[in-house]
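The basis for the numbers below is simple: all heavy atoms, side chains too, and nothing from hydrogens, waters or symmetry mates. It should be emphasised that the depicted structure is a prediction, and the values quoted were computed from it without experimental measurement.
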Amino acid sequence: MKNRQNVLTAALTGLAPAVWGSTYLVATELLPPDRPLLATTMRALPGGLVLLALGRKLPVGIWWWRALVLGVLNIGAFNFLLFVAAYRLPGGIAAMIMSAQPMFVVILAALFLSERIRLVHAVACVMGTGGVALLVFKGTVSLDTVGVLAAIGGALCMASGITLTKRWGRPEGVGLLTFTGWQLTAGGLVLLPFWLSLEDLPDGLTGSNVIGFAYLITLGAVLSYIVWFRGIERLPAVAVSFLALGSPIVATLLGYLVKDQTLSVLQIVGMAVILLAVVLGQPRPPKPKPEQTPPAPPRSTASSSPDQPALEQERSG
């Protein structure tokens, strides 16, 4: 029963990276062009404020800075660094570097969560990175130092966010919607000054822009992060980290289905390798213990001792 619950939880949690894999298509097709910080800020802040209004509960005590740290790591800094890497690194190199995120979680979980490093996790990390390379690498190698550092920083932010969310848990009496609202609001507020200082406001919004922003706020942020944080609560941190590898698969498939991009045999192999890595990263069901038959009670000779005097008397008589 426990293994079945883990499978269902992993499947539901995996929907969050699947939705995030559609973000690039939504941003390029429906949102104002060349405004990644606007898209990221609008994705986080409005939904966070709505969840705060519904929950009517603010952090207390130590959770003020914990909510800020989690919001920065899981949402604000992660998305900012992700867009920097995507703009400065061509040919899917950013995605390849970001795929090292499960490896970081394996190390951090061993240090802070006492999760044992297993050989299967190391193999899955290598397979995940190799699968992403087959999926997105286009053969052009042009490394930009800032872009590489941004990609590594984004992977570390996501890994640290998963680990700390698992370690700190959720404060008692705070619902999952409110907890998600804290982080979305914190991440959006951190992004707000970067957006206002680095990008111009769009001249106006079209109907497509409104649809795109509505998608990012609802599915792309509120619902997906609620599912994501629920999964972190119920699954090992390492298992959740591998589920994030589903994002480039969805992005590639949507590009093939919607934008008429090609899909090569190597890309299909890469998808299969990624999916196998995700499966290997999930918790294994415990092995059933072999049934042991209880040892037979030792034979007692005490019961025959009362008859011994009578037997000797019969022999003597």
Report yes or no: does [X] contribute a side-chain atom to a donor-acceptor pair with the main-chain N or O of [Y] at less than 3.5 Å?
{"X": "K166", "Y": "L235", "answer": "yes"}
{"X": "S99", "Y": "G128", "answer": "no"}
{"X": "N74", "Y": "M158", "answer": "no"}
{"X": "E115", "Y": "A110", "answer": "no"}
{"X": "E199", "Y": "L38", "answer": "yes"}
{"X": "R35", "Y": "P33", "answer": "yes"}
{"X": "K57", "Y": "G173", "answer": "yes"}
{"X": "W195", "Y": "L37", "answer": "no"}

Path from [X] to [Y] over hydrophobic side-chain contacts below 4.5 Å:
{"X": "V84", "Y": "L149", "result": "no"}
{"X": "I274", "Y": "L254", "result": "yes"}
{"X": "V227", "Y": "L51", "result": "no"}
{"X": "I152", "Y": "V126", "result": "no"}
{"X": "L15", "Y": "L243", "result": "no"}

With side chains defined as the heavy atoms from C-beta onward, is the minimum distance between [X] and [Y] less than 4.5 Å?
{"X": "V258", "Y": "E29", "value": "no"}
{"X": "Q5", "Y": "R234", "value": "no"}
{"X": "N79", "Y": "R43", "value": "yes"}
{"X": "W228", "Y": "T13", "value": "yes"}
{"X": "K259", "Y": "T28", "value": "yes"}
{"X": "V105", "Y": "Q101", "value": "yes"}
{"X": "V72", "Y": "F80", "value": "no"}
{"X": "P32", "Y": "F213", "value": "yes"}

Item to complete: May I ask you to decide if the ring planes of F179 and W63 are parallel, tilted or perpendicular, using 30° and 60° as cut-offs?
Response: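 Judged by the thresholds at 30° and 60°, the geometry between F179 and W63 is perpendicular.
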
Fill in: Sole residue of L70, V174, L68 in side-chain contact (heavy atoms from CB on, under 4.5 Å) with W182
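Answer after filtering L70, V174, L68: V174.
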
Minimal non-hydrogen separation, [X] against [Y], with atom names:
{"X": "P102", "Y": "C125", "answer": "C-SG, 3.9 Å"}
{"X": "A39", "Y": "L31", "answer": "CB-CD1, 3.6 Å"}
{"X": "F229", "Y": "Q183", "answer": "CZ-OE1, 3.2 Å"}
{"X": "S247", "Y": "W20", "answer": "OG-C, 3.8 Å"}
{"X": "F112", "Y": "T163", "answer": "CB-CG2, 4.3 Å"}
{"X": "L73", "Y": "S160", "answer": "CD1-CB, 3.9 Å"}

Worksheet entry | side chain to side chain contact (heavy atoms under 4.5 Å, CB included) evaluation trace for L45 with L184 | CA-CA 6 Å; L45 190 55; L184 286 173; over 6 Å; no

Worksheet item: Given a cutoff of under 4.5 Å between side-chain heavy atoms of I, L, V, M, F, W and Y, with clusters grown through shared members, what are the other residues clustered with L134?
Response: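 L134 shares its hydrophobic cluster with L119, V120, V123, M127, V265, L266, V269, V273, L276, L280.
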
Item to complete: Indicate whether the side chain of T9 and that of N6 have a donor and an acceptor atom separated by less than 3.5 Å.
Response: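 N6 and T9 do not have a side-chain donor-acceptor pair below 3.5 Å.
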
Practice prompt. Evaluate the criterion side chain to side chain contact (heavy atoms under 4.5 Å, CB included) for residue pair V19 and Y215; output intermediate values, then yes/no.
Written response: CA-CA 10 Å; V19 171; Y215 178 87; 3.9 Å; yes

Can you measure from [atom1] ([X]) to [atom2] ([Y]) and round to the nearest 0.5 angstrom?
{"X": "I211", "Y": "L205", "atom1": "CD1", "atom2": "CG", "result": "12.0 Å"}
{"X": "I117", "Y": "M103", "atom1": "CD1", "atom2": "CE", "result": "11.0 Å"}
{"X": "T165", "Y": "E233", "atom1": "OG1", "atom2": "CD", "result": "9.5 Å"}
{"X": "L223", "Y": "T180", "atom1": "CG", "atom2": "OG1", "result": "10.0 Å"}
{"X": "M42", "Y": "L216", "atom1": "CE", "atom2": "CG", "result": "9.0 Å"}
{"X": "L49", "Y": "L189", "atom1": "CG", "atom2": "CG", "result": "7.0 Å"}

Worksheet item: After noting the C-alpha distance and the side-chain angles of I226 and L177, does the key distance pass the side chain to side chain contact (heavy atoms under 4.5 Å, CB included) rule?
Response: CA-CA 7 Å; I226 288 173; L177 270 65; 3.8 Å; yes

Worksheet item: Going by the ring-ring contact (aromatic ring centres under 6.0 Å, His included) test, which pairs reach into residues 143-176, not counting sequence neighbours?
Response: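 Sorted pair list: W65-W168.
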
Worksheet entry | side chain to side chain contact (heavy atoms under 4.5 Å, CB included) between T40 and L82, worked out | CA-CA 10 Å; T40 309; L82 181 64; over 6 Å; no

